[in-house]
Peer 1: 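Below: one structure in structure tokens.
The structure displayed is predicted, hence computed values, not measured ones.
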Amino acid sequence: MNTPLNFSIEIAKEAGNILMKYYRATGIQANKKADKSAVTEGDLAADEFLRCKIQQAYPQDGLISEEAGTVYPKGKSAVWVIDPLDGTTNFSLGLHHWGVAINRIIDGLPELTALYFPIIDELFTAQRGAGAFLNGERIQVKIPDENQPFSFFSCCTRTIRNYNINLRYKTRVLGTSAYGLSTVARGNAVLAFETTPKIWDFAGSWLLTEEAGGIIRVLDGSTPFPLVPGTDYKTKSYPILAAATPELWTEGQQNIIPKK
């Protein structure tokens, strides 16, 4: 049965195959968009493929994409939010952490996600109320183990530039919002922070973290959900903090301090 989740998995993998045709381990040319983020021919090809597939299979649903149409549509209960290539800088430099993010939003709230990272062949999936999975195996958050001397904190490059960090965990910058935040859900990181992700960067990881038993919130107390029809989400970014437990989230909040 080709459910919305199965459909999401299918097109995420197909988009990943498209991107692999453009990927080079030695790197490829990337251009800067008006907002100074990177874009490649692969982004645009995968975006066109995904939009066509979704519009054919679910013509009654709305759709927003990082590369084409970022206003949340009015009058639509179900809306697909896609990022054809999360981690474009990594992709353009020939690094491994980049992927495709497919999310379906129902009444403004994340309902399902498929996050596919082709080079490392990792597929994260989640559906509200049904758990979180990595390559078909159920995943859940893990609290620090006193017998394991190292735990890690995933963040983006802007974190180090714009925040004072006083955490006792090893820091890793992975270069993709979706993957970085998902490291909490899969039990690798105890905390993950992204300073300025857009809705298409974190909608899937938000659902994945919740379904894996973690806590994910906006650091400043605001909330992105439910999404608001008519809003241009290109203009909206949120400092997102994911944690394995409420106590760890509070620890992160208290020790990730904006620079003055």
Peer 1: Could you tell me whether Arg186 and Glu122 make a salt bridge, using a distance below 4.0 angstrom between a side-chain N and a carboxylate O?
Peer 2: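 Answer for the salt bridge query: yes.
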Peer 1: Is the ring pair Phe202/Tyr238 parallel, tilted or perpendicular, if the boundaries are 30 and 60 degrees?
Peer 2: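 If you compare the ring of Phe202 with that of Tyr238, the planes turn out perpendicular.
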Peer 1: Filter on salt bridge (charged side-chain N to carboxylate O under 4.0 Å, His left out), then keep only pairs touching residues 95-110, sequence neighbours left out; what's left?
Peer 2: Asp61-Arg104
Peer 1: Tell me the closest heavy-atom pair linking Pro118 and Gly16, and the distance in Å.
Peer 2: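 Shortest heavy-atom separation between Pro118 and Gly16 comes out as CG-CA, 3.7 Å.
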Peer 1: Any salt bridge between Arg128 and Glu210, counting N to O under 4.0 Å?
Peer 2: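 Here Arg128 pairs with Glu210 in a salt bridge, since their nearest N and O are under 4.0 Å apart.
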Peer 1: Go through the side-chain N and O atoms of Asp43 and Thr88 and say whether any donor and acceptor fall under 3.5 Å apart.
Peer 2: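 Note: Asp43 and Thr88 side chains meet the donor-acceptor criterion.
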Peer 1: So does Gln55 have more than 12 non-hydrogen atoms from other groups sitting under 6.0 Å from CD?
Peer 2: yes
Peer 1: Of the non-hydrogen atoms in Leu191 and Ala243, which two are nearest, and what is the gap between them?
Peer 2: CD2-CB, 3.5 Å
Peer 1: Can a salt bridge be assigned to the pair Glu251 and Arg168 using a cut-off of 4.0 Å between side-chain N and carboxylate O?
Peer 2: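 Yes, charged N to carboxylate O under 4.0 Å.
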Peer 1: Which heavy atom of Leu19 sits nearest a heavy atom of Val100, and at what distance?
Peer 2: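 The pair with the smallest heavy-atom distance is CD1-CG2, 3.6 Å.
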Peer 1: Between Trp249 and Phe193 (judged by ring centroids, cut-off 6.0 Å), do the two rings come close enough to count as a pair?
Peer 2: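 Here the rings of Phe193 and Trp249 have centres that are no less than 6.0 Å from each other.
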Peer 1: Check whether the side chains of Tyr116 and Asp121 place a donor and an acceptor atom closer than 3.5 Å, and report yes or no.
Peer 2: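 Tyr116 vs Asp121: donor-acceptor pair found between side chains.
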Peer 1: When you compare the side chains of Ser182 and Ser205, does any donor N or O come within less than 3.5 Å of an acceptor on the partner?
Peer 2: yes
Peer 1: Taking all heavy atoms of Tyr72 and all of Leu227, pick out the closest pair and write down the distance.
Peer 2: CE1-CD1, 3.5 Å
Peer 1: Considering all heavy atoms of both residues, which atom of Arg51 and which atom of Asp47 are nearest to each other, and what is their separation?
Peer 2: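 Where Arg51 meets Asp47 most closely, the heavy atoms are NE-OD2, 2.7 Å.
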Peer 1: When rounded to the nearest 0.5 angstrom, what is the spacing between NE2 in His97 and CD1 in Ile120?
Peer 2: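 It is 4.0 Å, given to the nearest 0.5 Å.
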Peer 1: Quick check: are there more than 12 heavy atoms from other residues, nucleotides or ligands sitting under 6.0 Å from CD of Gln60?
Peer 2: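 Atom CD in Gln60 is packed in, count exceeds 12.
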Peer 1: If you compare all heavy atoms of Glu211 against all heavy atoms of Gly131, which two are closest, and at what distance to 0.1 Å?
Peer 2: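 For Glu211 versus Gly131, the nearest heavy atoms are OE1-N, 2.8 Å.
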Peer 1: For the side chain of Thr245 and the backbone of Ile143, is there at least one donor-acceptor N/O pair under 3.5 Å apart?
Peer 2: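 A pair under 3.5 Å: no.
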Peer 1: Check side chain to side chain contact (heavy atoms under 4.5 Å, CB included) between Ala185 and all other residues, then give those that pass, not counting sequence neighbours.
Peer 2: Ile139, Leu208, Thr209, Ala212
Peer 1: Can the ring centroids of Trp98 and Phe117 be said to lie less than 6.0 angstrom from one another?
Peer 2: no
Peer 1: How many angstroms lie between CD1 in Ile106 and CD in Glu111, if you round to the nearest 0.5 Å?
Peer 2: 5.5 Å
Peer 1: Report the hydrophobic cluster partners of Phe133, with the cluster defined as I, L, V, M, F, W, Y residues connected by side-chain heavy atoms closer than 4.5 angstrom, directly or transitively.
Peer 2: none
Peer 1: Can you confirm if the aromatic rings of Phe91 and Tyr22 lie within a centre distance of less than 6.0 Å?
Peer 2: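 When the ring centroids of Tyr22 and Phe91 are compared, they turn out to be at least 6.0 Å apart.
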Peer 1: Measure from the ring center of Trp200 to the ring center of Tyr233 and say whether it is less than 6.0 Å.
Peer 2: no
